Amino acid sequence: MTLNRTSLSALALLLASVALPGTSNATVTVLGWPGGSEETALRATAEAYNATAGISDADKVELLFFNREGFYDKLQADMAAGSTAFDINLVATYSIGRYAPYMEPVDLGSDAAKTFGESVLKTMQFDGKQYGVPTDLSLHFMYYRKDLIDALMKDDAAKAKYAEISKQYLGKELQPKDPDNWTWDDWAATALYFSKQVNSESPVRYGTVLQMKNLLFNMMVFQSLPRSYGADWTDKDGNVTVDSDAYKTGLELYKKLYDAGASPKDSLSYEYAETNAAYGAGQAATALQWNAAAADLTNAEKTPAVGDVTGIVAPPAGPNGRADHIHGLGLGLNKNAKNKDGAVKFLKWLATEDAALLYARSGGSPALAPDVVAKVAKERPDLVKLGEFASRYGYVMNGATSANALSVYELQAKEFTGYWSGQQSLDDALARAKAGMQDLLKK
């Protein structure tokens with residue numbers, strides 16, 4: 001999607017209505033990632049910055065948010081047109097090369113390396129230059145109901161029912177396991193067992209919540225399943241390999257769970273928010289979800305139905321072990337910024353330890369250096385797991401940092417959702433995905 005003149009005019013009008021309370025004179029406009037903990041944390045951090053002694057009215061910040069759907073296309077259209085609607089814009093590991101021509105590198109100061117570490121700073125670098133502050137590291141957690149799993153493990157009759165269900169749907173008798181030892185089949189068997197449509201005695205309606213909407217970010221959630229079976233976008237010679245047995249296995253498993261009723265029937269319209277809502281309401285036993293949700297789903301005050309009984313492990317294992325999609329989100333400097341000095345001042349402040357800890361305490365997910373994350377480990381244990389899982393299981397698909405990476409995800413979302421919804425066969429979905437990827441990933 002691109003912005004025409006009418007849309008750009010509407011955007012300009014929108015800027016007048018999105019300022020934080022008390023920042024009507026703000027002149028540094030920050031375009032952030034909409035929805036979820038990233039927006040919540042950025043709002044709290046910006047508000048604190050604006051209240052800091054020594055910050056003049058001319059350097060205070062106001063926030064702007066697009067919709068998630070079509071976000072990156074809108075951003076590229078604005079930046080390519082030389083937009084001055086924002087001074088600071090969102091940037092991601094998988095899109096930094098796409099936007100670098102429209103941005104300026106920024107010197108974050110010596111404190112940045114102490115706050116984040118050099119490896120994390122590199123998620124915001126392109127051609128050896130720093131293009132942003134790494135505000136959030138994103139990967140996936142398997143969230144599960146500890147109370148339900150504990151009860152299942154202690155009940156012999158329930159174990160027998162579990163084995164019967166796994167034999168019927170997966171072709172092999174399985175026994176319940178500690179979630180930290182799950183394979184994808186173990187997770188699938190658990191999801192089936194805790195689904196009313198499969199097991200009328202289940203204490204919850206659904207065994208899991210699948211994000212199946214035709215949306216590129218849902219492909220990032222899904223792809224760790226085929227990745228653990230050896231999947232990649234291309235082989236070492238650049239040949240597209242999406243039509244592999246690994247992708248077939250993952251796609252078929254999602255469809256099997258969906259068709260069996262293990263995930264809500266409207267899962268074909270689900271993404272981040274809907275998954276949080278369904279799991280957070282106590283309707284599901286598991287959910288493969290972004291790590292950003294942990295601050296809400298493990299908090300009894302924010303999510304009383306499950307906050308005290310939610311456990312977190314890395315995604316299940318396949319024949320090739322565990323795999324966890326990883327990328328960084330950050331904020332960088334628009335080349336056409338109206339207030340570059342104020343923007344750089346805010347970016348440098350974001351890279352300090354105090355600002356990063358504030359962002360973390362406000363629900364964000366920064367990847368912090370060990371001695372820094374230790375200061376919030378008690379209140380944000382998920383950030384400790386974030387670093388652990390990223391280092392042990394994190395991966396990036398071949399081609400997933402190319403200029404057309406987002407277009408590849410969009411293509412996969414269209415074709416794979418078409419298969420899951422029954423609009424096309426598995427072979428057709430993979431053939432169309434392969435053909436499109438061959439064009440998008442041409443060197």
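As the structure is a prediction and not an experimental result, all values here were calculated from the model. FYI, the numbering just counts along the sequence from 1.
For Lys167, the NZ atom sits in a loose shell: 12 or fewer heavy atoms of surrounding residues, nucleotides or ligands are nearer than 6.0 Å. Within 6.0 Å of NZ in Lys159 there are more than 12 heavy atoms belonging to other residues, nucleotides or ligands. Heavy-atom neighbours of Asp308 CG from other residues, nucleotides or ligands within 6.0 Å: at or below the threshold of 12. The number of heavy atoms from other shown groups lying within 6.0 Å of NZ (Lys414) does not exceed 12. Other residues, nucleotides and ligands contribute only 12 or fewer heavy atoms inside 6.0 Å of the CZ atom of Arg205.
With sequence neighbours excluded, the residues that form a ring-ring contact (aromatic ring centres under 6.0 Å, His included) with Tyr94 are Tyr72, His327. Residues meeting the ring-ring contact (aromatic ring centres under 6.0 Å, His included) test with Trp420, sequence neighbours left out: Phe222, Tyr254. Residues meeting the salt bridge (charged side-chain N to carboxylate O under 4.0 Å, His left out) test with Asp324, sequence neighbours left out: none.
Phe389 has its ring centre less than 6.0 Å from the ring centre of Phe141. Aromatic pair Trp33/Phe71: centroids less than 6.0 angstrom apart.
For the residue pair Thr183/Asp186, the side-chain donor-acceptor check at 3.5 Å is satisfied. Side chains of Ser263 and Ser267: a donor on one and an acceptor on the other come within 3.5 Å. Side chains of Glu62 and Thr29: a donor on one and an acceptor on the other come within 3.5 Å. A donor-acceptor contact under 3.5 angstrom links the side chains of Asp136 and Tyr359, judged on distance only. Between Thr298 and Thr310, the side chains place no donor N or O within less than 3.5 Å of an acceptor N or O (distance only, hydrogens not considered). There is a side-chain donor-acceptor pair under 3.5 Å between His325 and Gln223. With no hydrogens or angles considered, a side-chain donor-acceptor pair links Asp232 and Asn398 at under 3.5 Å. Side-chain contact, Tyr247 with Asp243: no donor N or O sits under 3.5 Å from an acceptor N or O.
Side-chain contact check for Phe126 versus Arg98: every heavy-atom pair is 4.5 Å or farther apart.
Across every non-hydrogen atom of Phe116 and Pro366, the tightest pair is CE2-CB, 4.4 Å. Looking at every heavy atom in both residues, Ser365 comes nearest to Leu386 through O-CD2, 3.7 Å. Summarising the geometry of Ala44 relative to Ser362, their closest heavy-atom pair is CB-OG, 3.4 Å, with the distance given to 0.1 Å. The minimum heavy-atom distance between Ala85 and Leu64, with the atom names listed, is O-CD2, 4.4 Å. Closest non-hydrogen pair, Leu90 versus Leu75, comes out as O-CD2, 3.6 Å.
Of the possible polar contacts, one joining the Tyr258 side chain to the Lys265 backbone as a donor-acceptor pair under 3.5 Å is found. For Tyr102 (side chain) and Asp78 (main-chain N/O), no donor-acceptor pair under 3.5 Å exists by modelled atom type. Lys256 places a side-chain N or O within donor-acceptor distance of the main-chain N or O of Tyr169, the cut-off being under 3.5 Å. Judged by distance alone, the side chain of Asn291 and the main-chain N or O of Leu139 form a donor-acceptor pair under 3.5 Å. For Ser202 (side chain) and Val204 (main-chain N/O), a donor-acceptor pair under 3.5 Å exists by modelled atom type. Within the 3.5 Å criterion, the main-chain N or O of Asn334 finds no donor-acceptor partner in the side chain of Glu104.
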Dump the intermediate steps for side-chain contact (heavy atoms from CB on, under 4.5 Å) on Met212 and Asn218, then the final yes or no.
CA-CA 6 Å; Met212 304 173 80; Asn218 289 348; 5.8 Å; no

What verdict does the side-chain hydrogen bond (donor to acceptor under 3.5 Å, both in side chains) test give for Trp187 and Thr286, after you've listed the backbone C-alpha separation in whole Å, the side-chain angles of each residue and the deciding distance to 0.1 Å?
CA-CA 8 Å; Trp187 165 71; Thr286 72; 3.2 Å; yes

Evaluation steps, side-chain hydrogen bond (donor to acceptor under 3.5 Å, both in side chains), between Gln424 and Arg432:
CA-CA 10 Å; Gln424 63 179 337; Arg432 289 171 178 154; 2.4 Å; yes

Show your working on side-chain hydrogen bond (donor to acceptor under 3.5 Å, both in side chains) between Gln211 and Glu271 and close with a plain yes or no.
CA-CA 5 Å; Gln211 300 186 38; Glu271 56 164 312; over 6 Å; no

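Classification of Glu69 and Lys213 as a salt-bridged pair holds, one side-chain N sitting under 4.0 Å from a carboxylate O. For the pair Lys335 and Asp87, the salt-bridge criterion is not met [side-chain N within less than 4.0 Å of a carboxylate O]. The pair Lys122-Glu118 does not count as a salt bridge, with every side-chain nitrogen at least 4.0 angstrom from each carboxylate oxygen. Ion pair Asp259/Lys255 flagged as a salt bridge, since at least one NZ, NE, NH1 or NH2 atom sits closer than 4.0 Å to an Asp/Glu carboxylate oxygen. The pair Arg392-Glu388 counts as a salt bridge, with a side-chain nitrogen and a carboxylate oxygen less than 4.0 angstrom apart. Ionic pairing of Asp127 and Lys129 is not present here: no N-O contact between side-chain nitrogen and carboxylate oxygen is shorter than 4.0 angstrom. Lys161 has no carboxylate O lying under 4.0 Å from a charged side-chain N of Glu201, or vice versa, which leaves the two without a salt bridge.
Using cut-offs of 30° and 60° on the angle between ring planes, the pair Tyr162 and Tyr193 is tilted.
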